[in-house]
Amino acid sequence: MRRYQQAGLLTVPYRGLYDDTATWCAKDPHEQARTLLRTLHRLHPQWVATDIAAQDFQGIEHGRQLHTDIVTITDRGCNAAKRHTGPGAQLIRMRVPASLDIVTVRGLPMTPTEVSVMVAVPHLPFTSALPMVDSALRQGLSTERLEETAAFLRRLDGYVRALLRCGDPLSENGGESYVRAVIMEMGFAAPRLQVEFRRGGRTVRVDFLWELPDGRLVVLELDGRAKYVDPAMTHGRSPAKVAVEQLDRDEFLRDCGVNTVVHVLFEEAVRRVPLQRKLVRAGVPLAPSPMVLQPTMIA
């Protein structure tokens, strides 16, 4: 097996586990994590998954860059975490209160969704944590429930409180949550989400909206190149047709009283400076008071 690994034919996702390299690499990080957890459950059925590993089964959106070769499981008893040491150590045992409930998702034991989220977010950057909180709220969990869970796990601090206050179930996907997190990290006022404009029997819903003190309305729309080329999004329309429809949509918003419509690519939010320049030009105000948007806990 080691010779096959050295030859590149096999990969080792977890110490002692092997998979065909081509098969493994064909999976995205989320599916790799699900495959690994299913395999570990067959070897260790008593392990209870939490953190990112559980979120992949619980439908919580999170960035693929968060996936590592580390698996987090829970032990009941106290609130300390223990990282197994030694060559190739890939397991974290997280101590949790003995009263914590365990749920079964797709045949695997794991912590409830609110626990899986609140185990992860206290030590994650705001741009990674906010999409998880938004996703949990979209599933019907309340801010109060998440805060109670954080307190139960002894992870409720100023950063987590600010994070939960920023959460919004109206955010439609992880991309929008990430962009909103970047906007707030740069010090701009938080926008309203998914506001509808109606006129003449037509309704258009925008991604982000700011109502400025002087009454002007600024809309920010998150675009992507897939919008013009992905068949699942174009529905048979040519890129030119999609562009014309976007111009028509922008004109409709202006007829509804919107003063400025800004379009931004996800990549511009990642680079930050292009997004910042667009927001400044549009006159988006800064937040009235800064919040603690940096994690204070260490993973």
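- Side chain of T23 to main chain of D19: no donor-acceptor pair is present (N/O by atom type, distance under 3.5 Å, no hydrogens or angles).
- R34 pairs with exactly one of E31, Q32, H30 by the side-chain hydrogen bond (donor to acceptor under 3.5 Å, both in side chains) rule, that one being E31.
- Taking a 6.0 Å sphere around CZ of R202, one finds it holds more than 12 heavy atoms contributed by other residues, nucleotides or ligands.
- Between Y18 and Y4, a ring centre-to-centre spacing not shorter than 6.0 Å is recorded.
- In the model, T72 has no side-chain atom that pairs as donor or acceptor with a side-chain atom of T50 under 3.5 Å.
- Here the CG-CG distance, from L17 to L43, works out to 6.0 Å after rounding to the nearest 0.5 Å.
- The two residues P13 and Q90 have their closest heavy-atom pair at O-NE2, 3.1 Å.
- More than 12 heavy atoms of other residues, nucleotides or ligands lie within 6.0 Å of CZ in R254, so this atom counts as buried by the packing criterion.
- With respect to the salt-bridge test (charged N to carboxylate O, under 4.0 angstrom), the residues D207 and R180 do not qualify.
- W210 contributes a side-chain N or O that, together with a main-chain N or O of A189, makes up a donor-acceptor pair within less than 3.5 Å.
- When side chains are defined from C-beta on, Q65 counts as touching S128, because their heavy atoms get closer than 4.5 Å.
- For E268 and K278, the salt-bridge test passes: some basic side-chain N is under 4.0 Å from an acidic carboxylate O.
- When atom types are taken as modelled, the side chain of T39 and the backbone of T35 share a donor-acceptor pair closer than 3.5 angstrom.
- The pair E196-R198 meets the salt-bridge criterion, with a side-chain N (NZ, NE, NH1 or NH2) lying under 4.0 Å from an Asp/Glu carboxylate O.
- A donor atom on one side chain and an acceptor atom on the other are not found under 3.5 Å apart for T11 and T21.
- No side-chain donor-acceptor contact under 3.5 Å links T104 to the backbone of G107.
- Using modelled atom types, no side-chain atom of D134 and backbone atom of G167 make a donor-acceptor pair closer than 3.5 Å.
- At a cut-off of 3.5 Å, with distance as the only test, a side-chain donor of Q194 or R205 sits close to an acceptor on the other residue.
- Side-chain contact between F197 and T203: absent, with no pair of heavy atoms (C-beta onward) separated by less than 4.5 Å.
- Q139 places a side-chain N or O within 3.5 Å of a backbone atom of G59 that can act as its donor or acceptor partner.
- A donor-acceptor pair is defined here as one N or O able to donate and one able to accept, closer than 3.5 Å; such a pair exists between the side chain of S135 and the backbone of E61.
- Contact between T127 and A181 at its shortest, heavy atoms only, is CA-CB, 3.7 Å.
- With salt bridges taken as basic N to acidic carboxylate O contacts below 4.0 Å, one links E221 and R249.
- Atoms OG1 and CD, on T143 and E147 in that order, are 8.5 Å from each other to the nearest 0.5 Å.
- Checked by atom type and distance alone, the side chain of E251 never pairs as donor or acceptor with a backbone atom of L247 at under 3.5 Å.
- Taking the side chain as every heavy atom from C-beta outward, M110 and T74 never approach each other to under 4.5 Å.
- Between T111 and L100 there is a side-chain heavy-atom pair separated by less than 4.5 Å.
- In the hydrophobic clustering of ILVMFWY residues, with side-chain heavy atoms under 4.5 Å counting as a link, V262 and F252 come out apart.
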* To do: Show your reasoning for whether side-chain contact (heavy atoms from CB on, under 4.5 Å) applies to L153 and V119.
  => CA-CA 8 Å; L153 296 171; V119 163; 3.9 Å; yes
